[in-house]
Amino acid sequence: MNDLSFITAFKRFDNFYGAVQRSALFSYGVNSIPVYVPNNEPDVVENCKKFSNVTVLEGIRTARNLGFSNQSPILKDMIKVALENIKTDYVGLINSDIIIPEGFSNKVMDIFNTHGSNAFVVVTRYDTDLFFEIDSVEKLVEFFQQKTIPYDESCSTDLFLAHKNIFYTFIVRMPDLVLGRYAWDNWLHYSAVENGFNCLNGTRILKTYHCSHTHFHILSQEGAAGREAPSSGHNTKMFLDIGNRIGSPIHINSWKYA
């Protein structure tokens, strides 16, 4: 029995992002993983209709509520509302452009059966190109045969896996981080270490593919890209508190591999 649910959030399903995000959703459905998403963009409901495993959540604040010009959700709100609806014991916080192979959820549960409910597992993606929308198992298998490039495994995470109680612990002290901007994932790394969870790197055993793209959407939304975007600056300031408490940098490629 699958005991894993995903929390994610979508960009607008425009052109390339539409094909990528629907392909990701198809891969989650193949694994029978329930998915919980905020209704943060005007086309979320319409694109999620064909996926019976998706629950769209209302009442989650976005960066616009903090005065920024984008609809990225506030991470703490998204996790809290999702946890109130999730029925499984284990949860994955995953980026919406991450595609997983068939049998993925079984491997995840094997990790927790081995390492226990205090495990906190991070996974770094492999980059590749998407040449077709994935809407069949055959296309999913073909996609995972493509050449890939490993991403930055020192500090970047695209999938966080843990028992739901660990995610409840995170949101107690989590500031108003904007999802998808700088430092939100680093905050989770630092919080896991601070709370003494069994921190594991699952990149080598849990293969996840990310479809290569630019970050032009940040520039178009906020008038500045990367760290210069106003909401990225906000996240960086929010991170300083826990960063100063921990003191030294945390590199997830130094964590024990699952």
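These numbers come from a predicted model, not from an experiment. For reference, positions follow the sequence shown, starting with 1.
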Check: residues 106-117 side-chain donor-acceptor pairs under 3.5 Å, at least two apart:
{"residue": "Asn113", "atom": "ND2", "partner": "Met109", "partner atom": "O", "Å": "3.1"}
{"residue": "Thr114", "atom": "OG1", "partner": "Asp110", "partner atom": "O", "Å": "2.9"}

Practice problem: Might you work through the side chain to side chain contact (heavy atoms under 4.5 Å, CB included) test for Ile252 and Thr157, ending with a clear yes or no? | Solution: CA-CA 9 Å; Ile252 58 174; Thr157 298; 3.2 Å; yes
Quiz item: Can you find a heavy atom in the side chain of Gln21 that is under 4.5 Å from one in the side chain of Lys11?
Solution: yes
Exercise. Indicate the atoms forming the closest heavy-atom contact of Pro38 with Val56, along with that distance.
Key: C-CG1, 4.4 Å
Quiz item: Any donor-acceptor pair under 3.5 Å linking the side chain of Lys76 with the backbone of Pro175?
Solution: no
Practice problem: Find out whether Val35 and Thr55 are in side-chain contact, i.e. whether some heavy atom of one side chain is under 4.5 Å from a heavy atom of the other. | Solution: no
Practice problem: Report yes if the side chains of Leu4 and Val91 come closer than 4.5 Å at any heavy-atom pair, otherwise no. | Solution: no
Quiz item: Can you find a pair of side-chain heavy atoms, one from Asn70 and one from Val178, that are under 4.5 Å apart?
Solution: yes
Quiz item: Got a sec, which pairs hit salt bridge (charged side-chain N to carboxylate O under 4.0 Å, His left out) with one end in residues 232-252, sequence neighbours left out?
Solution: Glu194-Arg245, Asp241-Arg245
Practice problem: Just jot down the side-chain contact (heavy atoms from CB on, under 4.5 Å) partners of Ser32, sequence neighbours excluded, or say none. | Solution: none
Self-check item: Backbone N/O of Ile149 and side chain of Asp127: donor-acceptor pair under 3.5 Å
Solution: no
Self-check item: Asn39 side chain near Val45 side chain, heavy-atom distance below 4.5 Å
Solution: yes
Quiz item: Can His210 and Thr128 be said to form a side-chain hydrogen bond (donor to acceptor under 3.5 Å, both in side chains), step by step?
Solution: CA-CA 6 Å; His210 169 266; Thr128 190; over 6 Å; no
Quiz item: Measuring from Ile79:CD1 to Ile74:CD1, what's the distance to the nearest 0.5 Å?
Solution: 11.5 Å
Practice problem: Evaluate side-chain hydrogen bond (donor to acceptor under 3.5 Å, both in side chains) for Asn40 paired with Gln71, printing each intermediate quantity in order. | Solution: CA-CA 6 Å; Asn40 62 306; Gln71 288 289 92; over 6 Å; no
Self-check item: Over all atoms of both residues, closest heavy-atom pair of Leu140 and Glu102
Solution: CD2-N, 4.0 Å
Quiz item: According to a 4.5 Å side-chain heavy-atom criterion applied to Ile, Leu, Val, Met, Phe, Trp and Tyr, with indirect links allowed, do Ile98 and Val30 form part of one hydrophobic cluster?
Solution: yes
Quiz item: Looking at Ala9 and Leu179, what are the two nearest heavy atoms and their distance?
Solution: CB-CD2, 3.6 Å
Quiz item: Which ring pair (Phe, Tyr, Trp, His ring centres under 6.0 Å) pairs, counting each pair once, include a residue from residues 126-148, with sequence neighbours left out?
Solution: Phe143-Tyr209, Phe144-Tyr209
Quiz item: Given Ser23 and Glu133, is the side-chain hydrogen bond (donor to acceptor under 3.5 Å, both in side chains) satisfied, shown in steps?
Solution: CA-CA 6 Å; Ser23 295; Glu133 184 166 336; 5.2 Å; no
Quiz item: Which residue pairs satisfy the salt bridge (charged side-chain N to carboxylate O under 4.0 Å, His left out) criterion with at least one member in residues 139-149, sequence neighbours excluded?
Solution: Asp135-Lys139
Exercise. Find the distance between CZ (Phe6) and CG (Asn53) and round it off to the nearest 0.5 Å.
Key: 10.5 Å
Quiz item: Are side-chain heavy atoms of Trp187 and Ile242 found at a separation under 4.5 Å?
Solution: yes
Quiz item: Side chain of Gln146, backbone of Asp129: donor and acceptor closer than 3.5 Å?
Solution: yes
Quiz item: Val37 and Val44: side chain to side chain contact (heavy atoms under 4.5 Å, CB included), yes or no, with the steps?
Solution: CA-CA 9 Å; Val37 304; Val44 168; 4.1 Å; yes
Quiz prompt | Aromatic ring pairing Phe167/Phe170, orientation class (parallel under 30°, perpendicular over 60°, tilted between) | solution = perpendicular
Quiz item: Just by distance, do the side chain of Asn65 and the backbone of Thr62 share a donor-acceptor pair under 3.5 Å?
Solution: yes
Quiz item: How long is the span from the CZ atom in Phe104 to the CD1 atom in Ile99, to the nearest 0.5 Å?
Solution: 12.5 Å
Quiz item: Which heavy-atom pair separates Thr124 from Ser156 by the least distance, and what is that distance?
Solution: OG1-O, 2.7 Å
Quiz prompt | side chain to side chain contact (heavy atoms under 4.5 Å, CB included) assessment of Ile33 paired with Ile100 | solution = CA-CA 11 Å; Ile33 299 174; Ile100 61 175; 3.9 Å; yes
Quiz item: Looking only at heavy atoms, which two atoms of Phe160 and Asp185 are closest? And how far apart?
Solution: CZ-CB, 3.5 Å
Practice problem: Verify whether one side chain among Asn198 and Asn118 offers a donor that lies under 3.5 Å from an acceptor in the other. | Solution: no
Quiz item: Would you say Leu159 and Leu93 make side-chain contact, with heavy atoms under 4.5 Å?
Solution: no
Quiz item: Out of curiosity, does Tyr36 fall in the hydrophobic cluster containing Phe26 (side-chain heavy atoms, cut-off under 4.5 Å, transitive links)?
Solution: no
Self-check item: Any side-chain heavy-atom pair of Asn201 and Lys256 under 4.5 Å
Solution: no
Quiz prompt | Short side-chain to backbone donor-acceptor contact, Asn85 and Val81, under 3.5 Å | solution = yes
Exercise. Give the C-alpha distance, both sets of side-chain angles, the deciding distance and a yes or no for side chain to side chain contact (heavy atoms under 4.5 Å, CB included) between Tyr90 and Asp3.
Key: CA-CA 6 Å; Tyr90 291 92; Asp3 198 21; 3.7 Å; yes
Practice problem: Verify the cluster assignment for Ile94 and Leu130: are they in a single hydrophobic cluster under the rule of side-chain heavy atoms below 4.5 Å apart? | Solution: yes
Quiz prompt | Greater than 12 external heavy atoms within 6.0 Å of Lys80's NZ | solution = no
Self-check item: Pairs meeting criterion salt bridge (charged side-chain N to carboxylate O under 4.0 Å, His left out) with involvement of residues 201-212, two or more places apart
Solution: none
Quiz item: What distance separates Leu161 CG from Leu206 CG, expressed to the nearest 0.5 Å?
Solution: 6.5 Å
Quiz item: Are Ile171 and Trp184 linked, directly or through other ILVMFWY residues, by side chains that come within less than 4.5 angstrom of each other?
Solution: yes
Quiz item: Once the angle between the rings of Phe239 and Tyr190 is folded into 0 to 90°, is it parallel (under 30°), tilted (30 to 60°) or perpendicular (over 60°)?
Solution: perpendicular
Quiz item: Just by distance, with hydrogens left out, do Ser191 and Asn195 show a side-chain donor and acceptor under 3.5 Å apart?
Solution: yes
Exercise. Quick one: closest heavy-atom pair of Ser96 and Ala24, and the distance?
Key: O-CB, 3.4 Å
Exercise. Treating Ile, Leu, Val, Met, Phe, Trp and Tyr as nodes and any side-chain heavy-atom pair under 4.5 angstrom as an edge, say whether Tyr168 and Val193 lie in one connected cluster.
Key: yes
Practice problem: Output yes when a side-chain donor or acceptor of Asp176 lies under 3.5 Å from a complementary backbone atom of Leu66, and no otherwise. | Solution: no
Quiz item: With a 4.0 Å cut-off, would you call Arg125 and Asp97 a salt bridge?
Solution: no
Practice problem: Would you confirm whether Ser254, through its side chain, and Ile250, through its main-chain N or O, come within 3.5 Å as a donor-acceptor pair? | Solution: no
Quiz prompt | Pairwise distance CG(Leu188) to CZ(Phe197) - rounded to 0.5 angstrom | solution = 10.5 Å
Quiz item: Rounded to the nearest 0.5 Å, what separation is found between the CG atom of Leu177 and the OG atom of Ser72?
Solution: 12.0 Å
Quiz prompt | Under-4.0 Å salt bridge between Arg12 and Asp43 | solution = no
